[in-house]
Amino acid sequence: MGNSNSTTTMTSVPKPNSHYKCRNCQYPRGGPQRYAVPDDKVSWKTNYPEYAPPEFTSESVSSGPVWADPGVTEKGPPPLKWNTVHGKVNRVSHMGQYEVVNGLPQNPVGRTGIRSRGHLGRWGPNHAADPIVTRWKRDKNGSKVIHPTTKKPILQFVAIQRKDSGEWAIPGGMVDAGERVSVTLKREFAEEAMNSLEANSEEKEKIKKSLETLFSKGVEVYRGYVDDPRNTDNVWMETVAYNFHDDTGDSVGKFNLNAGDDAGNVKWTDISSSLQLFASHVDFIEKVAKKNNAHW
Ligand code: RP5
């Protein structure tokens, strides 16, 4: 048998390029165990007749805060307009048109083993923005630190430790209804990494000024789906990630990092392929490392 024949007869399981963090595990913070979804059953195109995922909506969402949509009632699914901006709420996905099944949006990447809204407020896409603030790692003489193996300079980014899961993450956050992404990026960074919520008005003004300059020169590195542990079959996170790079170390390098809001800790973190971060944040960081020709 020749090689060409053996490749055609090989049984290969297609590997999904996502759903590592929102599949085959316990739903976070009090949620149920997700229904098992093997790699070859992630796609909605694959038949999975026995699939019976549990439903879960957390109390914080079902109690009807302003940031959450109405739930399913005896009259059926909420009468919202999908795949469009409805009122001020952006229900358009970066992934293109999503399916609506039995009146509810369907996760565009595939099965997650759980239904309903979990901890997320919006049916369908929940939009976030992620500011990746970077500088070069420098020694005490101010020279860039070069990695001995790759011979490339080491980049550092501002990471926060999330209070909800304890994992390290990019200090991103939800885009408020009607808010511009550029505003969310600055607001979230100021709140989570510089604790601007606790600052007095003079300090707030200083933080605002230094961020204005840095954040005016961002480069978009990613736009799309996030493999977030809160995703379900009907709700999922999407983001726009920007890199704000301080090449000389003169602006960001001087920032006083100070954890606030949803962050328990904040620190400059060396970028390398061994990083372990919340959701699929490591994928965005890899793009930043490659873009800056840094060690990975
Ligand atoms: C992730 O959740 C996004 O990439 C963003 O970092 C974050 C937004 O959620 P919260 O931090 O507001 O909970 O999917």
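Remember, it's 1-based here, ligands and their atoms both numbered in the order they're listed.
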**Prompt:** What pairs meet the ring-ring contact (aromatic ring centres under 6.0 Å, His included) rule with one or both residues in residues 269-291, with sequence neighbours excluded?
**Reply:** Y222-F284, F278-H281, H281-F284
**Message:** Main chain of G31, side chain of Q26: is a donor-acceptor contact present, judged purely on distance under 3.5 Å?
**Reply:** yes
**Message:** Running the 4.5 Å side-chain criterion over Ile, Leu, Val, Met, Phe, Trp and Tyr, what cluster does V92 land in, apart from itself?
**Reply:** V85
**Request:** Could you pull out every protein residue that has a heavy atom closer than 4.0 Å to ligand 1, ordered by chain and then number?
**Result:** A128, D130, R162, G172, G173, M174, V226, D228, R230, M237, F278, H281
**Prompt:** Do NZ/NE/NH1/NH2 and the carboxylate oxygens of R23 and D39 come within less than 4.0 Å?
**Reply:** yes
**Request:** Give the other cluster members for I114, using side-chain heavy-atom distances under 4.5 Å between Ile, Leu, Val, Met, Phe, Trp and Tyr residues; answer none if it is isolated.
**Result:** Y27, F56
**Item:** Atom of P125, atom of E238 and distance for their closest heavy-atom approach
**Value:** CB-OE2, 3.7 Å
